[in-house]
Every structure is written in C-alpha cells, then in structure tokens.
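Here is the structure we will look at, set down as structure tokens.
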Amino acid sequence: MSEQASPALDKDARIAELEAALAVRDTLIETLRFQLAQLRRMTFGQSSEKLSLQIEQLELALEELEGEAEVAAVSATVAERADRAPPVRSLPGHLPRIERRLEPETGTCICPDCGSALRPLGQASDEMLDVAPVQWRVIRTVRPNYSCRSCEKIVQAPVPVKAIARGKASFATLAHIVVAKFDHHLPLYRQAEMMAAQGIDLDRSTLAGWAGQAAALLDPIVSRIREEGLRAAKIHTDDTPVPMLVPGKGKAAQARLWTYVVDDRASGASGPALVWYRFTPDRSGIHPQTELKHFTGLLQADGYAGYDKLYAGGRIQEVACWAHFRRKIFENHQTSPTPLTSDLLERIAVLYRHEADIRGQPPDVRRQHRQQHTRPLIEDLRLAIDDALRRLSPKSAMAKALAYGRKRWQALTRFMGEGAAEIDNNIAERAMRSIAIGRKNWLFAGSKAGGERAAAIYSVIETAKLNGIEPQTYIADVIEKIASGWPASRWDELMPWNWTAVNAPVSMVA
C-alpha cells in the first residue's frame, strides 16, 4: 500500500468512527425524547412528585446530550454534514429588534479593486436571539409646584399611590419578588444575593415585607377566587405536607397545604378555571370540612377519612380516584409482578384510553360514551377483582390493595353517570406540582402567617397560569389598581379569567 493511500484510509476510518458515535448519540437522544413524551402524557401511575422528578432527571440528561450533539455538529468535518443547509428558524416577531449595520471596511463609495463608484445592490441579514440581564432602574417622580399670579393659589399634582407607604418598591418590583419566589422557586435570600451582585443592598427581611404587602393587596382577588370556586358543581381537592417552624422550639412541625381546583375544560365547559390553596397547621379533617361546608356537588379526592363527614348528608358526592387505586396495584406489580397485576393494569389502561377519546366533549356525550363502552369493562373488572380476593390471603399486600378499591367501588364508578366528572383526581395533583418543586427550595414555612401568605400568592399565580396569563404582568397591574382604590363592584374585571394585558390606566378608573 502506498504512503499516499494510508492517510486517506485513516481519514475514512475516522469519519466512520465519528458517524457511528453520532448515530449512537442520536439514538439515545430520540429514546430520551420518547420517554419524556410518555411521562408527560401520563395521567396516572406514580405520584406526581416522583413523576416530576423523573421528568426533571430525563430533561437534564437530554440537555447534556443535545448540547454535546450541537457541539459535535458545529465542529464536524464530515463533508455530507457540512454540505447540509442549516434549518431556517424565525424568531418571535413581538421581540424588540436592535439593528447592527456592518459596512465594508473600505467604505461604501469606492470599489477596493478598481476604484469605481459603488451602488446599492441588496443586503444580507441574519437574526440572533440575544439577552440583556435583569436591569433594575429607579423611577423618579417629580411634582412641580405652580402658583397663581392673581390669588397666589399653589397647584400641584396629587401624590401618586405607592406600593408601600414610605417604601422604595414599585408595584412591578413586588410582583417580581413574589413570582420569583413562588413560581420560579427562588428563595428571598437568593434574590437578595442576585440584587447585591448589581449593587442593590437589600436585606432579606425587607424583601419578605414587600412580599407580605403584595399578598395583602391580593387578598380581594384570593377571596373572589374562593367565592367563585365554591359555586362550582365539581371541585378537585388534595393536600401535601409543608414543614412549619415551631416558634421558640427551633424545629419544624408537619403542616399541610390544601388545594381546591375547579377546571371543567375536559368536559367542554367554558367557565373559569381556578384554584385556591389553604394552609393549616395539621391534617385534621376539620379543615376541609370547614372549607367546604357551603359547597354542594361532586368532590373528587383521595380516600382520606377526613372527607367522610362531608359525604354523610348527601350534599356532597364523592368521586374517587382511579389513579390512586391503580397506584396501589402498580406498587405490588413493581415488587412482584404476576399475571393478575398485569391483567388489572391493562384493564385500567383501557379505561383511560376511552377517557382520552371523549376529552373535551360535553357532559352528555361523555356520559353516553361511558355507559356504552366503559360500564361493561368496569363490570368485568369488578368480577376479576372479586375472584382474586377469594383466592388471595386477606393479609397479603395485593388483597389490601384490591380491598381499597372495592371499599370505594361506588365512588370509583360514580364518574360513569356524571359526564362532568373525571376518572381521577390528577387535576388536583397537578396543582400541587409547583408546591412540591418550591418546597425543595424554600424548605419550610417560617410561621402560620407565612404559610397563609404562601397559600394566597399560590392561589393567584396558579389561577393566572390556568387561564394562560403571565403571572408577573398580571400581579403588577392588579395590585396597582387595588391600591389605587379600584371599586369593589368591579372586582370581576380584575379576575384572571376576565383580565387582559391591555387595560385602562389607573388614573382612568372610575
């Protein structure tokens, strides 16, 4: 073999090696994307916190692999890849544009080769996504004094309303702080550190006071969300533990944060989607019983015994959660899979596939479909469960899981006759995801008042998100209007399901 041929073979071998490595990486990326898509589509299975953790872990792995793939694509020397035209991706049109014009170094008049005059021929342009750091600024309000030459009356504009009396924070600043903490999960001490990096020296306690003022201004919105929610015909509820510092003891107690969600979009309703939260120092059943004492309708919840008194009078009807029932079977399947666990999980999966077919349909269509298709499947499932219970030891984990479902069978099957009801309580579990993520960052509530403040702010932020509204813009606008004396007769105009980004200035409010 000639010496000239050897480098060519080495080059071909290197190209083949790179192509093989890229193929493996691309396959792994596609696999991770598929797994992520599956997890995001899941409406039952493991608890929402565990599911969120899986998604976060896969997203991190996918970010790393896609980053490596992008670097490899940029630096690759494979001719076939180099010849490909890059994809054309347009950037959002609503973003502001800053034009940077680059003229030839030799000028725009004389040709550098022959010295003749140049004439415009066209231009090439390229757009890149750029970012500017968060820019803090100071708004200086000036109110000139004027005097009348005749009567010497002094005229001056009235003092504008402030977010905090004698304070230095604007309404937009208050909104930024609470959204950063409760939606972006940045504790106040981290926010103080970030502000210090830009030369703004503020104590964490000052930021806490500002967050408290924002919560106080939002109180009418929170109350109105709750009032509207209690008028609904169906509510989803759930609770999650939140550590709370015990004053004077230096340790944390197990408090609870409860969620109450109204969201009937899956049954084609056009009413508002909303959620409110309640903070309590414990998990006593008196808390949901008190919260829902004036509610009448369907309550979708887990099997917590604290709800039982609500169902006793028939004013509230229980709709149990198939996701909880399935989860108990799945836990047994994970430990010791059997033909029985596989069969039951597949049967429940079929029920969910039917639910997917009628999502978004009106209640009467959903009820008719369930009566025609779901009822026979559930009756067969009941017979299979009863047969299994006769064969299993009552003390076995699987028998206990099946007994859990049979004990609640009436509540589990109530959704078939109620077109507006859902097969599970995942709507409430999704409302708890932000709490689960935030809890890892802010760790605990400093007091009962702090927990109640968090519940109020979460109520506004999550309701805004349910209605497709950016929370920070919404909160900044609404708290300024409330502080400026917005009339109580017009609260509905400020609710997230009615509010729009284009609003009349505060000065124009009647």
Side-chain angles (χ1 to χ4, degrees), residues 134-141 159-223 225 242-250 252-253 255 257 276-281 434-435 438-464 471-486 494 506:
V134 174
Q135 183 181 35
W136 295 94
R137 63 184 183 183
V138 175
I139 297 178
R140 183 169 181 262
T141 302
V159 177
V161 65
K162 301 185 72 172
I164 298 176
R166 297 183 301 278
K168 296 294 185 181
S170 69
F171 294 100
T173 297
L174 266 58
H176 173 82
I177 289 168
V178 297
V179 171
K181 177 177 180 179
F182 294 102
D183 192 29
H184 302 155
H185 319 298
L186 284 172
L188 295 181
Y189 79 89
R190 292 186 191 167
Q191 294 190 50
E193 291 175 353
M194 295 168 68
M195 296 169 77
Q198 298 192 45
I200 305 170
D201 186 14
L202 287 173
D203 293 335
R204 183 203 52 78
S205 59
T206 300
L207 299 184
W210 292 356
Q213 177 66 5
L217 289 170
L218 288 170
D219 184 66
I221 303 298
V222 178
S223 298
I225 289 173
V242 176
M244 179 186 70
L245 286 181
V246 179
K249 294 186 178 180
L257 202 60
W276 76 97
Y277 298 83
R278 284 294 199 185
F279 179 85
T280 62
S434 60
I435 311 297
R439 187 173 52 206
K440 298 174 184 177
N441 291 276
W442 43 262
L443 301 181
F444 49 76
S447 63
K448 184 174 182 292
E452 291 172 347
R453 179 166 61 244
I457 295 174
Y458 272 125
S459 300
V460 177
I461 289 176
E462 295 302 318
T463 299
Q472 184 169 326
T473 303
Y474 170 74
I475 291 175
D477 180 74
V478 166
I479 62 176
E480 182 172 3
K481 284 181 166 60
I482 291 172
S484 301
W486 189 273
L494 300 185
V506 173

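Since this is a predicted model, take the numbers as computed values, not measurements.
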Note to self: Please report the interatomic distance CD1(Ile177) to CD1(Ile475), rounded to the nearest 0.5 Å.
What the structure shows: 12.0 Å
Notebook entry, point to check: How far apart are the C-alpha atoms of Met244 and Phe279, what are their side-chain angles, what is the distance that settles it, and do they pass the side chain to side chain contact (heavy atoms under 4.5 Å, CB included) test?
Noted result: CA-CA 10 Å; Met244 179 186 70; Phe279 179 85; 3.7 Å; yes
Note to self: Which heavy atom of Ala464 sits nearest to which heavy atom of Pro471, and what is that distance?
What the structure shows: CB-CA, 4.4 Å
Notebook entry, point to check: Where do Trp136 and His176 come nearest, in terms of heavy atoms and distance?
Noted result: CH2-CD2, 3.7 Å
Next item on the list: Nearest 0.5 Å please: distance from the CG atom of Asp219 over to the CD atom of Glu452.
Entry: 11.0 Å
Item checked: Minimum heavy-atom distance between Ile225 and Ser459, given as atom pair plus value -> CD1-O, 3.9 Å
Note to self: If I take atom CZ from residue Phe171 and atom CD1 from residue Ile164, how far apart are they, to the nearest 0.5 angstrom?
What the structure shows: 9.5 Å
Next item on the list: Measure the CD-CD1 distance between Glu462 and Ile457 for me, rounded to the nearest 0.5 Å.
Entry: 12.0 Å
Notebook entry, point to check: Could you walk me through whether Lys181 and Leu186 pass the side chain to side chain contact (heavy atoms under 4.5 Å, CB included) check?
Noted result: CA-CA 4 Å; Lys181 177 177 180 179; Leu186 284 172; 5.8 Å; no
Margin query: Does the plane of the ring in Tyr277 sit parallel, tilted or perpendicular to the ring in Tyr458? Use 30° and 60° as the thresholds.
Written below: tilted
Check: Which heavy atom of Leu257 sits nearest a heavy atom of Ala455, and at what distance?
Finding: CD1-CB, 3.9 Å
Check: Looking only at heavy atoms, which two atoms of Ala483 and Leu217 are closest? And how far apart?
Finding: CB-CD2, 4.1 Å
Check: Say you draw a straight line from CG of Leu207 to CE of Met195; how long is it, rounded to the nearest 0.5 Å?
Finding: 5.5 Å
Item checked: His184 and Val179, any side-chain heavy atoms less than 4.5 Å apart -> yes
Next item on the list: Hey, could you give me the CD/CD1 distance between Gln191 and Ile200, rounded to the nearest 0.5 Å?
Entry: 12.0 Å
Check: Short question: side chain of Lys162, backbone of Gly167 - any donor-acceptor pair under 3.5 Å?
Finding: yes
Check: Does any N or O in the side chain of Gln198 come within less than 3.5 Å of the main-chain N or O of Gln135, such that one atom is a donor and the other an acceptor?
Finding: no
Note to self: Contact between Ile482 and Val478 at the side-chain level, heavy atoms closer than 4.5 Å - yes or no?
What the structure shows: yes
Next item on the list: For His185 and Asp183, indicate whether the former's side chain and the latter's backbone hold a donor-acceptor pair under 3.5 Å.
Entry: yes
Checklist line | Closest heavy-atom pair and its distance - Ala476, Ala175 | finding: N-CB, 3.5 Å
Margin query: Strictly distance-based, threshold 3.5 Å: is any side-chain N or O of Tyr474 a donor or acceptor partner for the main-chain N or O of Leu494?
Written below: yes
